[in-house]
Amino acid sequence: MIDLIMKDILGTPAILVGLFALIGLLVQRKNSGDVVSGTLKTVMGFVILGAGANVLVQSLDQFSSMFNEAFAVDGVIPNNEAIVALAQESFGTETAMIMLFGMIVNILLARFTPFKYIFLTGHHTMFMACLIAVILITGGFSGVPMIILGSVILGALMVLSPAMLQPFTRRVTGSDDFAIGHFGSIGYFVSALVGKAVGKGSKSTEEIKVPKSLGFLRDTSVSVSLTMVLLFFVVGGAAGPAFVEGELSGGQNFLVFSFMQGLTFAAGVYIILAGVRMLLGEIVPAFKGIADKIVPNAKPALDCPAIFPFAGNAVIIGFLCSFIAGLISMLFLPLLGLKVIVPGLVPHFFTGAAAGVFGNATGGRKGAIIGSMANGVMISFLPALLLPVLGSLGFQGTTFGDADFGLIGIVFGSLINILESNITVIAAIILILALPFLIGFKSKSNDNKKDTDDAA
(Lines give C-alpha, C1' and ligand atoms only; values in the text may rest on other atoms or scores of the structure.)
Protein backbone atom coordinates (compact mmCIF):
# COMPACT_ATOMS: atom_id res chain seq x y z
CA MET A 1 0.00 0.00 0.00
CA ILE A 2 2.85 2.39 0.84
CA ASP A 3 4.46 1.68 -2.54
CA LEU A 4 1.10 2.32 -4.24
CA ILE A 5 0.65 5.68 -2.54
CA MET A 6 4.25 6.92 -2.66
CA LYS A 7 5.53 5.63 -5.99
CA ASP A 8 2.46 5.10 -8.15
CA ILE A 9 0.27 8.01 -6.97
CA LEU A 10 2.35 10.74 -5.31
CA GLY A 11 5.36 9.81 -7.45
CA THR A 12 3.38 10.36 -10.66
CA PRO A 13 3.38 14.13 -11.38
CA ALA A 14 0.22 14.09 -13.51
CA ILE A 15 -1.80 12.33 -10.79
CA LEU A 16 -0.37 14.59 -8.08
CA VAL A 17 -1.37 17.75 -9.95
CA GLY A 18 -4.76 16.18 -10.77
CA LEU A 19 -5.37 15.46 -7.07
CA PHE A 20 -4.76 19.11 -6.22
CA ALA A 21 -7.14 20.17 -8.97
CA LEU A 22 -9.74 17.66 -7.72
CA ILE A 23 -9.45 18.93 -4.13
CA GLY A 24 -9.72 22.54 -5.31
CA LEU A 25 -12.85 21.85 -7.35
CA LEU A 26 -14.48 19.85 -4.55
CA VAL A 27 -13.74 22.57 -2.00
CA GLN A 28 -15.45 25.05 -4.34
CA ARG A 29 -18.44 22.65 -4.49
CA LYS A 30 -18.42 22.55 -8.27
CA ASN A 31 -20.95 20.26 -9.93
CA SER A 32 -19.86 16.73 -10.81
CA GLY A 33 -19.41 17.55 -14.49
CA ASP A 34 -17.02 20.42 -13.77
CA VAL A 35 -15.11 18.33 -11.24
CA VAL A 36 -14.62 15.44 -13.67
CA SER A 37 -13.80 17.72 -16.61
CA GLY A 38 -11.42 19.98 -14.69
CA THR A 39 -9.59 17.09 -13.05
CA LEU A 40 -9.18 15.07 -16.24
CA LYS A 41 -8.09 18.09 -18.31
CA THR A 42 -5.51 18.99 -15.66
CA VAL A 43 -4.10 15.45 -15.71
CA MET A 44 -4.31 15.39 -19.51
CA GLY A 45 -2.42 18.68 -19.77
CA PHE A 46 0.36 17.27 -17.64
CA VAL A 47 0.38 14.03 -19.63
CA ILE A 48 0.66 16.04 -22.86
CA LEU A 49 3.50 18.06 -21.33
CA GLY A 50 5.24 14.83 -20.30
CA ALA A 51 4.70 13.31 -23.75
CA GLY A 52 6.35 16.34 -25.33
CA ALA A 53 9.24 16.07 -22.86
CA ASN A 54 9.70 12.39 -23.76
CA VAL A 55 9.83 13.27 -27.47
CA LEU A 56 12.45 15.91 -26.68
CA VAL A 57 14.51 13.56 -24.55
CA GLN A 58 14.56 10.88 -27.27
CA SER A 59 15.76 13.42 -29.81
CA LEU A 60 18.34 14.87 -27.41
CA ASP A 61 19.66 11.39 -26.59
CA GLN A 62 20.45 10.92 -30.29
CA PHE A 63 22.13 14.34 -30.36
CA SER A 64 24.21 13.46 -27.28
CA SER A 65 25.36 10.20 -28.86
CA MET A 66 26.46 12.05 -32.01
CA PHE A 67 28.16 14.75 -29.95
CA ASN A 68 30.10 12.31 -27.77
CA GLU A 69 31.24 10.36 -30.84
CA ALA A 70 32.22 13.50 -32.74
CA PHE A 71 34.32 15.05 -29.98
CA ALA A 72 35.47 11.94 -28.07
CA VAL A 73 34.34 13.30 -24.74
CA ASP A 74 34.65 11.08 -21.66
CA GLY A 75 33.06 12.53 -18.57
CA VAL A 76 30.01 12.65 -16.33
CA ILE A 77 26.67 13.34 -17.98
CA PRO A 78 24.19 14.91 -15.53
CA ASN A 79 20.76 13.28 -15.60
CA ASN A 80 18.32 13.54 -12.70
CA GLU A 81 16.32 10.47 -13.69
CA ALA A 82 19.45 8.32 -14.01
CA ILE A 83 21.00 9.28 -10.67
CA VAL A 84 17.68 8.85 -8.84
CA ALA A 85 17.14 5.43 -10.43
CA LEU A 86 20.59 4.38 -9.18
CA ALA A 87 19.93 5.78 -5.72
CA GLN A 88 16.59 4.02 -5.27
CA GLU A 89 18.32 0.68 -4.73
CA SER A 90 19.89 1.93 -1.51
CA PHE A 91 17.80 4.95 -0.53
CA GLY A 92 14.31 4.18 -1.89
CA THR A 93 12.41 3.99 1.41
CA GLU A 94 14.07 7.09 2.83
CA THR A 95 13.35 9.00 -0.37
CA ALA A 96 9.67 8.04 -0.26
CA MET A 97 9.25 9.01 3.40
CA ILE A 98 11.02 12.36 2.99
CA MET A 99 8.89 13.08 -0.07
CA LEU A 100 5.59 12.33 1.71
CA PHE A 101 6.30 14.27 4.89
CA GLY A 102 8.08 17.03 2.96
CA MET A 103 4.86 17.66 1.04
CA ILE A 104 2.97 17.90 4.33
CA VAL A 105 5.55 20.39 5.64
CA ASN A 106 5.11 22.38 2.40
CA ILE A 107 1.35 22.69 3.01
CA LEU A 108 1.86 23.65 6.67
CA LEU A 109 4.44 26.31 5.83
CA ALA A 110 2.22 27.70 3.08
CA ARG A 111 -0.66 27.83 5.55
CA PHE A 112 1.14 29.50 8.46
CA THR A 113 3.94 31.59 6.89
CA PRO A 114 3.98 34.51 4.42
CA PHE A 115 5.23 32.18 1.65
CA LYS A 116 1.97 30.89 0.12
CA TYR A 117 3.24 28.40 -2.46
CA ILE A 118 2.24 24.79 -3.08
CA PHE A 119 4.97 22.99 -5.05
CA LEU A 120 3.27 20.86 -7.73
CA THR A 121 6.23 19.57 -9.74
CA GLY A 122 6.06 16.03 -8.37
CA HIS A 123 9.11 14.55 -10.10
CA HIS A 124 11.36 17.34 -8.87
CA THR A 125 9.98 16.83 -5.37
CA MET A 126 11.08 13.20 -5.61
CA PHE A 127 14.50 14.14 -7.04
CA MET A 128 15.19 16.60 -4.22
CA ALA A 129 13.93 14.10 -1.61
CA CYS A 130 16.42 11.60 -3.05
CA LEU A 131 19.31 14.08 -2.94
CA ILE A 132 18.50 15.00 0.67
CA ALA A 133 18.29 11.32 1.67
CA VAL A 134 21.67 10.60 0.04
CA ILE A 135 23.36 13.60 1.67
CA LEU A 136 21.99 12.88 5.16
CA ILE A 137 22.65 9.13 5.10
CA THR A 138 26.14 9.61 3.67
CA GLY A 139 26.72 12.11 6.49
CA GLY A 140 25.77 9.60 9.19
CA PHE A 141 22.08 10.35 9.80
CA SER A 142 19.56 7.52 10.02
CA GLY A 143 16.10 6.52 11.24
CA VAL A 144 13.39 8.91 12.40
CA PRO A 145 15.70 11.93 12.98
CA MET A 146 16.89 11.67 9.38
CA ILE A 147 13.31 11.50 8.05
CA ILE A 148 12.22 14.49 10.16
CA LEU A 149 15.21 16.65 9.22
CA GLY A 150 14.96 15.67 5.56
CA SER A 151 11.24 16.45 5.45
CA VAL A 152 11.78 19.87 7.01
CA ILE A 153 14.54 20.68 4.50
CA LEU A 154 12.42 19.54 1.55
CA GLY A 155 9.23 21.30 2.70
CA ALA A 156 11.11 24.55 3.30
CA LEU A 157 12.76 24.42 -0.12
CA MET A 158 9.37 23.79 -1.74
CA VAL A 159 8.11 27.19 -0.56
CA LEU A 160 11.36 29.18 -0.53
CA SER A 161 12.32 28.33 -4.12
CA PRO A 162 9.10 29.71 -5.70
CA ALA A 163 9.10 32.66 -3.28
CA MET A 164 12.65 33.67 -4.24
CA LEU A 165 11.74 33.69 -7.91
CA GLN A 166 8.22 35.15 -7.75
CA PRO A 167 9.08 38.85 -8.27
CA PHE A 168 10.70 37.89 -11.57
CA THR A 169 7.97 35.38 -12.45
CA ARG A 170 5.46 38.24 -12.21
CA ARG A 171 7.55 40.24 -14.68
CA VAL A 172 7.55 37.31 -17.09
CA THR A 173 3.81 36.53 -16.91
CA GLY A 174 2.38 39.95 -16.14
CA SER A 175 0.26 38.42 -13.37
CA ASP A 176 0.49 36.73 -9.98
CA ASP A 177 -1.61 33.68 -10.85
CA PHE A 178 1.09 31.05 -10.50
CA ALA A 179 4.71 30.52 -9.48
CA ILE A 180 7.55 28.39 -10.79
CA GLY A 181 8.17 25.23 -8.78
CA HIS A 182 11.35 23.80 -10.25
CA PHE A 183 14.71 23.07 -8.64
CA GLY A 184 16.65 24.98 -11.26
CA SER A 185 15.39 28.23 -9.72
CA ILE A 186 18.76 29.44 -8.46
CA GLY A 187 19.95 29.46 -12.07
CA TYR A 188 16.85 31.41 -13.14
CA PHE A 189 17.29 33.83 -10.23
CA VAL A 190 20.92 34.48 -11.19
CA SER A 191 19.90 34.90 -14.83
CA ALA A 192 17.30 37.50 -13.86
CA LEU A 193 19.85 39.39 -11.74
CA VAL A 194 22.41 39.27 -14.54
CA GLY A 195 19.80 40.54 -16.99
CA LYS A 196 18.99 43.39 -14.66
CA ALA A 197 22.68 44.29 -14.39
CA VAL A 198 23.65 44.14 -18.07
CA GLY A 199 20.47 44.65 -20.04
CA LYS A 200 19.62 48.32 -19.56
CA GLY A 201 18.07 49.57 -22.79
CA SER A 202 18.25 46.16 -24.49
CA LYS A 203 15.16 45.26 -26.50
CA SER A 204 13.18 42.12 -25.76
CA THR A 205 13.96 38.96 -27.67
CA GLU A 206 10.33 38.99 -28.73
CA GLU A 207 10.85 42.32 -30.56
CA ILE A 208 13.49 40.98 -32.91
CA LYS A 209 12.68 42.49 -36.30
CA VAL A 210 12.58 39.93 -39.06
CA PRO A 211 12.50 40.90 -42.77
CA LYS A 212 9.27 40.04 -44.54
CA SER A 213 11.04 37.36 -46.54
CA LEU A 214 11.98 35.72 -43.23
CA GLY A 215 8.64 36.35 -41.56
CA PHE A 216 8.06 32.62 -41.24
CA LEU A 217 10.74 32.60 -38.51
CA ARG A 218 8.27 34.34 -36.20
CA ASP A 219 6.51 31.02 -35.99
CA THR A 220 8.16 29.32 -32.99
CA SER A 221 7.73 25.85 -34.46
CA VAL A 222 9.45 26.84 -37.70
CA SER A 223 12.35 28.67 -36.02
CA VAL A 224 12.93 25.79 -33.59
CA SER A 225 12.83 23.29 -36.48
CA LEU A 226 15.40 25.17 -38.55
CA THR A 227 17.71 25.73 -35.57
CA MET A 228 17.69 22.10 -34.48
CA VAL A 229 17.96 20.66 -38.00
CA LEU A 230 21.06 22.82 -38.53
CA LEU A 231 22.58 21.64 -35.23
CA PHE A 232 21.86 17.99 -36.05
CA PHE A 233 23.45 18.40 -39.49
CA VAL A 234 26.63 19.88 -37.98
CA VAL A 235 27.00 17.32 -35.19
CA GLY A 236 25.89 14.40 -37.40
CA GLY A 237 28.48 15.35 -39.98
CA ALA A 238 31.18 15.62 -37.31
CA ALA A 239 30.24 12.19 -35.91
CA GLY A 240 30.43 10.74 -39.41
CA PRO A 241 27.96 8.90 -41.65
CA ALA A 242 29.37 5.51 -40.64
CA PHE A 243 28.59 6.02 -36.95
CA VAL A 244 25.16 7.59 -37.45
CA GLU A 245 23.99 5.03 -39.98
CA GLY A 246 25.61 2.08 -38.22
CA GLU A 247 24.75 2.85 -34.60
CA LEU A 248 21.77 5.21 -34.51
CA SER A 249 19.64 5.35 -37.65
CA GLY A 250 19.39 1.67 -38.53
CA GLY A 251 20.91 2.31 -41.94
CA GLN A 252 18.94 5.46 -42.79
CA ASN A 253 21.02 8.14 -44.54
CA PHE A 254 22.63 10.32 -41.86
CA LEU A 255 21.35 13.57 -43.41
CA VAL A 256 17.77 12.30 -43.54
CA PHE A 257 18.09 10.98 -39.99
CA SER A 258 19.47 14.32 -38.76
CA PHE A 259 16.70 16.21 -40.53
CA MET A 260 13.99 14.05 -38.95
CA GLN A 261 15.55 14.30 -35.48
CA GLY A 262 15.58 18.11 -35.73
CA LEU A 263 11.89 18.08 -36.65
CA THR A 264 11.18 15.57 -33.87
CA PHE A 265 12.71 18.00 -31.38
CA ALA A 266 10.50 20.82 -32.69
CA ALA A 267 7.45 18.56 -32.44
CA GLY A 268 8.33 17.92 -28.80
CA VAL A 269 8.44 21.67 -28.11
CA TYR A 270 5.07 22.12 -29.81
CA ILE A 271 3.52 19.34 -27.71
CA ILE A 272 4.93 20.84 -24.51
CA LEU A 273 3.44 24.26 -25.27
CA ALA A 274 0.03 22.68 -25.98
CA GLY A 275 0.17 20.79 -22.70
CA VAL A 276 1.15 23.91 -20.76
CA ARG A 277 -1.81 25.86 -22.17
CA MET A 278 -4.26 23.12 -21.19
CA LEU A 279 -2.68 22.68 -17.76
CA LEU A 280 -2.73 26.38 -16.90
CA GLY A 281 -6.27 26.74 -18.25
CA GLU A 282 -7.49 24.21 -15.67
CA ILE A 283 -5.12 24.24 -12.70
CA VAL A 284 -5.28 27.97 -11.95
CA PRO A 285 -9.12 28.14 -11.60
CA ALA A 286 -9.21 24.78 -9.77
CA PHE A 287 -6.47 25.88 -7.39
CA LYS A 288 -8.66 28.75 -6.22
CA GLY A 289 -10.47 26.28 -3.97
CA ILE A 290 -7.27 25.38 -2.13
CA ALA A 291 -6.22 29.01 -1.97
CA ASP A 292 -9.55 30.13 -0.50
CA LYS A 293 -10.24 27.27 1.91
CA ILE A 294 -7.17 25.26 2.88
CA VAL A 295 -4.27 27.67 2.27
CA PRO A 296 -5.69 31.17 1.80
CA ASN A 297 -4.00 33.15 -0.97
CA ALA A 298 -1.86 30.18 -2.03
CA LYS A 299 -0.36 29.97 -5.49
CA PRO A 300 0.40 26.82 -7.49
CA ALA A 301 4.13 26.40 -8.18
CA LEU A 302 4.38 24.75 -11.62
CA ASP A 303 7.12 23.18 -13.75
CA CYS A 304 9.45 25.54 -15.66
CA PRO A 305 7.87 25.01 -19.14
CA ALA A 306 4.86 26.95 -17.80
CA ILE A 307 6.70 30.17 -18.74
CA PHE A 308 7.87 29.06 -22.19
CA PRO A 309 4.83 30.49 -24.04
CA PHE A 310 5.58 33.98 -22.69
CA ALA A 311 8.85 34.38 -24.63
CA GLY A 312 9.30 31.84 -27.43
CA ASN A 313 12.44 33.45 -28.88
CA ALA A 314 14.08 33.60 -25.45
CA VAL A 315 13.48 29.86 -25.04
CA ILE A 316 15.67 29.03 -28.07
CA ILE A 317 18.27 31.69 -27.31
CA GLY A 318 18.49 30.53 -23.68
CA PHE A 319 18.94 26.89 -24.63
CA LEU A 320 21.68 27.59 -27.19
CA CYS A 321 23.60 30.03 -24.97
CA SER A 322 23.41 27.77 -21.92
CA PHE A 323 24.69 24.85 -24.01
CA ILE A 324 27.56 26.96 -25.43
CA ALA A 325 28.51 27.95 -21.87
CA GLY A 326 28.51 24.26 -20.96
CA LEU A 327 30.90 23.51 -23.82
CA ILE A 328 33.24 26.32 -22.76
CA SER A 329 33.11 25.13 -19.14
CA MET A 330 34.34 21.68 -20.24
CA LEU A 331 37.70 23.30 -21.09
CA PHE A 332 38.17 24.80 -17.61
CA LEU A 333 36.90 21.99 -15.35
CA PRO A 334 40.03 19.77 -15.75
CA LEU A 335 42.29 22.79 -15.17
CA LEU A 336 40.70 23.15 -11.72
CA GLY A 337 41.05 19.47 -10.92
CA LEU A 338 37.35 18.76 -11.38
CA LYS A 339 35.63 15.96 -13.25
CA VAL A 340 34.57 16.87 -16.80
CA ILE A 341 30.81 17.51 -16.95
CA VAL A 342 29.56 16.74 -20.45
CA PRO A 343 26.78 19.21 -21.34
CA GLY A 344 23.51 17.31 -21.03
CA LEU A 345 21.01 18.47 -23.61
CA VAL A 346 18.03 17.87 -21.32
CA PRO A 347 19.15 20.11 -18.39
CA HIS A 348 20.55 22.72 -20.77
CA PHE A 349 17.33 22.85 -22.76
CA PHE A 350 14.85 23.09 -19.90
CA THR A 351 16.87 25.20 -17.46
CA GLY A 352 18.66 27.18 -20.17
CA ALA A 353 15.37 28.02 -21.87
CA ALA A 354 13.79 29.11 -18.57
CA ALA A 355 16.90 31.14 -17.70
CA GLY A 356 16.63 32.84 -21.08
CA VAL A 357 13.02 33.80 -20.38
CA PHE A 358 13.90 35.28 -16.98
CA GLY A 359 16.99 37.05 -18.31
CA ASN A 360 14.91 38.54 -21.11
CA ALA A 361 12.28 39.76 -18.64
CA THR A 362 14.84 41.88 -16.78
CA GLY A 363 17.43 42.64 -19.46
CA GLY A 364 16.06 41.96 -22.91
CA ARG A 365 18.30 40.25 -25.45
CA LYS A 366 21.50 40.89 -23.49
CA GLY A 367 19.88 39.49 -20.37
CA ALA A 368 18.66 36.40 -22.20
CA ILE A 369 22.09 35.69 -23.67
CA ILE A 370 24.36 36.44 -20.71
CA GLY A 371 21.87 35.25 -18.08
CA SER A 372 21.39 31.87 -19.72
CA MET A 373 25.16 31.54 -20.15
CA ALA A 374 25.53 32.13 -16.41
CA ASN A 375 23.05 29.29 -15.90
CA GLY A 376 25.10 27.10 -18.24
CA VAL A 377 28.25 27.72 -16.21
CA MET A 378 26.40 26.95 -12.97
CA ILE A 379 25.02 23.62 -14.16
CA SER A 380 28.52 22.68 -15.30
CA PHE A 381 30.51 23.56 -12.18
CA LEU A 382 27.94 22.76 -9.46
CA PRO A 383 27.48 19.10 -10.54
CA ALA A 384 31.27 18.70 -10.61
CA LEU A 385 31.58 20.09 -7.08
CA LEU A 386 28.66 17.93 -5.92
CA LEU A 387 30.21 14.60 -6.96
CA PRO A 388 32.47 14.16 -3.90
CA VAL A 389 29.54 14.90 -1.56
CA LEU A 390 27.45 12.05 -2.98
CA GLY A 391 29.69 9.32 -1.58
CA SER A 392 29.60 6.10 -3.61
CA LEU A 393 26.97 7.60 -5.93
CA GLY A 394 29.57 10.09 -7.11
CA PHE A 395 31.35 7.33 -9.04
CA GLN A 396 28.38 6.20 -11.15
CA GLY A 397 29.04 8.30 -14.26
CA THR A 398 26.05 10.59 -13.75
CA THR A 399 24.83 13.15 -11.24
CA PHE A 400 22.05 15.66 -10.56
CA GLY A 401 21.78 18.20 -13.36
CA ASP A 402 19.97 21.36 -12.21
CA ALA A 403 21.43 24.23 -10.19
CA ASP A 404 19.43 23.85 -6.97
CA PHE A 405 20.48 20.22 -6.51
CA GLY A 406 24.13 21.16 -6.82
CA LEU A 407 24.02 24.13 -4.47
CA ILE A 408 21.82 22.48 -1.82
CA GLY A 409 23.88 19.28 -1.89
CA ILE A 410 27.18 21.14 -1.62
CA VAL A 411 26.04 23.45 1.20
CA PHE A 412 24.38 20.84 3.40
CA GLY A 413 26.94 18.14 2.56
CA SER A 414 29.77 20.51 3.52
CA LEU A 415 28.02 21.41 6.79
CA ILE A 416 27.76 17.75 7.70
CA ASN A 417 31.44 17.19 6.92
CA ILE A 418 32.66 20.29 8.77
CA LEU A 419 30.55 20.19 11.95
CA GLU A 420 31.40 17.61 14.57
CA SER A 421 28.01 16.40 15.81
CA ASN A 422 24.56 15.76 14.41
CA ILE A 423 23.09 18.22 16.90
CA THR A 424 25.19 21.10 15.58
CA VAL A 425 24.40 20.08 12.00
CA ILE A 426 20.66 20.12 12.72
CA ALA A 427 20.94 23.50 14.47
CA ALA A 428 22.90 25.01 11.56
CA ILE A 429 20.47 23.69 8.92
CA ILE A 430 17.40 24.88 10.86
CA LEU A 431 18.99 28.32 11.30
CA ILE A 432 19.77 28.60 7.57
CA LEU A 433 16.22 27.60 6.62
CA ALA A 434 14.60 29.78 9.31
CA LEU A 435 16.25 33.05 8.25
CA PRO A 436 14.17 33.59 5.08
CA PHE A 437 10.97 32.91 7.02
CA LEU A 438 11.95 35.41 9.74
CA ILE A 439 12.67 38.00 7.06
CA GLY A 440 9.29 37.20 5.47
CA PHE A 441 7.44 37.64 8.74
CA LYS A 442 9.24 40.94 9.42
CA SER A 443 8.42 42.21 5.93
CA LYS A 444 4.77 41.25 6.37
CA SER A 445 4.66 42.97 9.74
CA ASN A 446 6.10 46.16 8.25
CA ASP A 447 3.56 46.02 5.40
CA ASN A 448 0.71 45.63 7.87
CA LYS A 449 2.01 48.55 9.95
CA LYS A 450 2.28 50.72 6.85
CA ASP A 451 -1.30 49.83 5.84
CA THR A 452 -2.49 50.75 9.34
CA ASP A 453 -0.62 54.07 9.27
CA ASP A 454 -2.02 54.87 5.81
CA ALA A 455 -5.54 54.12 7.00
CA ALA A 456 -5.07 56.38 10.01
Side-chain angles (χ1 to χ4, degrees), residues 114-117 157 159-209 299 301-326 328-329 347-382 402-408 411 435-437 439-440 442-444 446-447 450:
F115 301 121
K116 308 293 185 181
Y117 303 96
L157 293 175
V159 295
L160 292 177
S161 177
M164 170 188 70
L165 203 56
Q166 191 59 13
F168 299 118
T169 303
R170 284 195 293 266
R171 292 188 67 165
V172 170
T173 65
S175 72
D176 208 22
D177 291 337
F178 69 92
I180 293 301
H182 190 266
F183 289 124
S185 292
I186 292 172
Y188 314 150
F189 184 76
V190 169
S191 180
L193 293 180
V194 168
K196 191 174 182 180
V198 305
K200 185 176 180 180
S202 180
K203 294 183 178 180
S204 170
T205 57
E206 309 313 295
E207 297 177 15
I208 294 176
K209 292 184 178 180
K299 296 178 180 64
L302 305 174
D303 203 350
C304 65
I307 59 166
F308 287 3
F310 293 92
N313 292 339
V315 167
I316 303 304
I317 291 172
F319 161 51
L320 294 176
C321 291
S322 180
F323 183 68
I324 291 170
I328 296 172
S329 297
H348 277 286
F349 175 74
F350 286 103
T351 70
V357 174
F358 279 102
N360 176 65
T362 59
R365 300 169 196 174
K366 290 182 181 178
I369 293 170
I370 302 176
S372 58
M373 292 191 76
N375 174 80
V377 171
M378 291 178 68
I379 65 173
S380 297
F381 279 84
L382 288 176
D402 302 341
D404 293 21
F405 297 111
L407 188 61
I408 296 301
V411 170
L435 283 175
F437 289 100
I439 294 171
K442 184 176 180 180
S443 176
K444 183 178 180 182
N446 290 338
D447 290 343
K450 181 179 179 180

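In this chain, residues are counted from 1 in sequence order.
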K.L.:
Enter the distance from Ser372:OG to Ile324:CD1 here, rounded to the nearest 0.5 Å.
P.N.:
8.5 Å

K.L.:
Looking only at heavy atoms, what is the nearest atom pair of Ser322 and His348, with distance?
P.N.:
OG-ND1, 2.8 Å

K.L.:
Specify whether Phe358 and Tyr188 have parallel, tilted or perpendicular ring planes, treating 30° as the upper limit for parallel and 60° as the lower limit for perpendicular.
P.N.:
parallel

K.L.:
May I have the list of side-chain donor-acceptor pairs in residues 195-203 shorter than 3.5 Å, sequence neighbours left out?
P.N.:
{"unit_1": "Ser202", "atom_1": "OG", "unit_2": "Arg365", "atom_2": "N", "d": "3.1"}
{"unit_1": "Ser202", "atom_1": "OG", "unit_2": "Lys366", "atom_2": "N", "d": "3.2"}

K.L.:
Nearest 0.5 Å, please: how far is CZ in Phe349 from CG in Leu320?
P.N.:
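CZ of Phe349 is found 9.5 Å from CG of Leu320.
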
K.L.:
Leu407 and Leu382: which non-hydrogen atoms are nearest, and at how many Å?
P.N.:
N-CD1, 4.2 Å

K.L.:
Who pairs with Ile369 by side chain to side chain contact (heavy atoms under 4.5 Å, CB included), at least two apart in sequence or on another chain?
P.N.:
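Ile369 satisfies side chain to side chain contact (heavy atoms under 4.5 Å, CB included) with Ile317, Cys321, Met373 only.
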
K.L.:
Would you compute the distance between atom CZ of Phe405 and atom CD1 of Ile379 and round it to the nearest 0.5 angstrom?
P.N.:
12.0 Å

K.L.:
Could you report the tightest heavy-atom contact between Ser191 and Ala355, atom names first, then the distance?
P.N.:
OG-O, 2.7 Å

K.L.:
List in chain and number order the residues that pass ring pair (Phe, Tyr, Trp, His ring centres under 6.0 Å) with Phe115, two or more places apart in sequence or in another chain; answer none if no residue qualifies.
P.N.:
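In terms of ring pair (Phe, Tyr, Trp, His ring centres under 6.0 Å), with neighbours along the sequence ignored, Phe115 is linked to Phe437.
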
K.L.:
Keeping Asn313 on the side-chain end and Thr205 on the backbone end, is there a donor-acceptor pair under 3.5 Å?
P.N.:
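The answer is yes, because a donor-acceptor pair under 3.5 Å joins these two groups.
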
K.L.:
Taking all heavy atoms of Ala314 and all of Gly356, pick out the closest pair and write down the distance.
P.N.:
CB-O, 3.6 Å

K.L.:
Residues two or more places apart in sequence or in another chain: which of them pass ring pair (Phe, Tyr, Trp, His ring centres under 6.0 Å) with Phe189?
P.N.:
Phe168

K.L.:
Quick check: do Asp402 and Phe350 have side-chain heavy atoms less than 4.5 Å from each other?
P.N.:
no

K.L.:
Between Asn375 and Thr351, does any side-chain donor sit less than 3.5 Å from a side-chain acceptor?
P.N.:
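Yes - a donor-acceptor pair under 3.5 Å links their side chains.
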
K.L.:
Please output the side-chain donor-acceptor pairs of residues 159-167 that fall under 3.5 Å, not counting sequence neighbours, one pair per line with the distance.
P.N.:
{"unit_1": "Ser161", "atom_1": "OG", "unit_2": "Ser185", "atom_2": "OG", "d": "3.1"}
{"unit_1": "Gln166", "atom_1": "NE2", "unit_2": "Asp176", "atom_2": "OD1", "d": "2.8"}
{"unit_1": "Gln166", "atom_1": "NE2", "unit_2": "Phe178", "atom_2": "O", "d": "3.3"}

K.L.:
Going by side chain to side chain donor-acceptor pair (under 3.5 Å), name the residues that satisfy it together with Ser380, two or more places apart in sequence or in a different chain.
P.N.:
none

K.L.:
Is the side chain of Asn360 donor-acceptor paired with the backbone N or O of Ser204 at a distance under 3.5 Å, no angle test?
P.N.:
no

K.L.:
Where do Ala361 and Val172 come nearest, in terms of heavy atoms and distance?
P.N.:
CB-CG2, 3.6 Å

